[in-house]
2 protein chains.
Amino acid sequence: MYEEQIQQVVQDDDKALQDPIVRQMIIQLRAMDGYGTYDTWSDAKVLDPLVLTKERRRAIPVVGDPDETTLSRVKAFYNALAQLIERETGLMAVPVINIGHEGFGRALIVVGKLVALDKTLRDVHRFGFESLEAMSAEAQKLMGKATALVNEHRLVAEI
Amino acid sequence: MYEEQIQQVVQDDDKALQDPIVRQMIIQLRAMDGYGTYDTWSDAKVLDPLVLTKERRRAIPVVGDPDETTLSRVKAFYNALAQLIERETGLMAVPVINIGHEGFGRALIVVGKLVALDKTLRDVHRFGFESLEAMSAEAQKLMGKATALVNEHRLVAEI
């Protein structure tokens with residue numbers, strides 16, 4: 001695993017660690033860490049594998065099946081989004097993630113009877129972002145769309 | 001596998017084999033039969049394992065992980081429902097099935113941005129119906145609710 005071989009790129013004093021979305025990601029990643037692997041890790045180290053620099057991306061095969069750890073990061077991302085959509089809208093948001101062979105799939109966030117977010121997943125085994133800022137920006141974009149849809153169709157979201 | 005041991009309960013002249021929902025189930029089951037196992041089987045034989053008589057149900061452990069064949073039957077059922085909802089409403093209906101450990105999960109049918117059907121799945125390893133008629137009745141009930149919801153919130157379903 002590149003996590004062991006390549007030097008950590010997220011530094012402990014990275015300002016992005018204070019970003020609410022990044023903070024929520026840390027919470028979600030730690031929440032799914034059933035074996036307690038992250039117990040002794042700093043927040044920066046927990047997030048580090050999500051940052052795929054060009055070098056790291058190149059080290060991952062183009063086609064592959066995502067392992068459990070990578071899947072848990074994808075789930076953490078959509079769980080974090082659901083949490084934040086919930087706060088924003090005051091309505092329960094439920095992530096539904098469906099990943100098939102070779103890392104193709106679909107992520108939904110359902111609010112009431114409304115599909116607030118619907119994203120096709122590709123190359124899940126290469127899930128990651130150029131930087132924490134890029135992760136936060138992507139999350140913000142998705143959240144913005146989702147909460148707008150909820151506000152537009154509040155009746156269906158409240159069923 | 002009880003399929004080999006217990007005698008077939010669905011007979012080739014079963015009138016329920018003409019039911020549109022049952023016919024759609026046969027189409028879906030055959031569509032997912034990648035290895036061609038069903039090629040030499042009659043429709044009755046293909047459907048047979050979906051009928052869980054009391055005796056058959058008793059033969060399945062209470063707790064268990066569903067195998068691939070059982071999962072494919074669950075998928076066939078929701079694919080069939082999606083097809084029929086599509087015909088009924090004229091809008092594309094997409095099944096999303098999420099099954100975790102020990103056969104717990106969720107089945108959604110999404111039409112546009114509307115969750116037309118949302119069902120909690122339990123004991124998926126024991127997926128089946130008392131009879132083909134019971135299967136058709138259950139499907140009809142779920143379809144009725146789903147199409148009503150689509151008609152009520154057509155705007156969201158058409159997004």
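Since the structure is predicted, the reported quantities are computational estimates derived from the model, not experimental observations. Numbered from 1 within each chain, the chains take letters A, B, ... in sequence-line order.
Cluster membership for B:Val74 and B:Leu50, using ILVMFWY side-chain heavy atoms within less than 4.5 angstrom, is shared.
Taking 4.0 Å as the cut-off between side-chain N and carboxylate O, A:Asp12 and A:Lys45 do not count as a salt-bridged pair. Under the 4.0 Å criterion applied to side-chain N and carboxylate O atoms, A:Asp67 and A:Arg73 are not assigned as salt-bridge partners.
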*Check against salt bridge (Lys or Arg N to Asp or Glu O under 4.0 Å), B:Glu55 and B:Arg58*: CA-CA 5 Å; B:Glu55 195 186 1; B:Arg58 239 181 278 127; over 6 Å; no
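Taking every heavy atom of both residues into account, A:Ala93 and A:Ile85 meet most closely at CB-CG2, 4.2 Å. Between B:Pro66 and B:Val124, the closest heavy-atom pair is CB-CG1, 3.8 Å. B:Gly144 approaches B:Thr147 most closely through the heavy-atom pair O-OG1, 3.2 Å. The nearest pair of heavy atoms linking A:Gln8 to A:Ser42 is NE2-OG, 4.4 Å. Nearest heavy atoms, A:Phe127 versus A:Leu52: O-CD1, 3.9 Å. The shortest heavy-atom contact between B:Arg126 and B:Val62 is CD-O, 4.1 Å.
Residues of residues 109-120 of chain B that come closer than 4.5 Å to chain A, counting heavy atoms only, are B:Val110, B:Lys113, B:Leu114, B:Val115, B:Asp118, ordered by residue number. Interface with chain B: from residues 16-25 of chain A, no residue qualifies, criterion being any non-hydrogen pair under 4.5 Å. Residue-level contacts of residues 149-159 of chain B with chain A, in order of numbering, are B:Leu149, B:His153, B:Leu155, B:Val156, B:Ile159; threshold 4.5 Å between heavy atoms.
Hydrophobic cluster membership of B:Val94, counting Ile, Leu, Val, Met, Phe, Trp and Tyr whose side-chain heavy atoms lie under 4.5 Å apart directly or via other members: B:Met92.
Between B:Leu29 and B:Tyr38, the closest side-chain pair of non-hydrogen atoms falls below 4.5 Å.
In this structure, CD on B:Gln28 lies 4.5 Å from CG on B:Asn79, to the nearest 0.5 angstrom.
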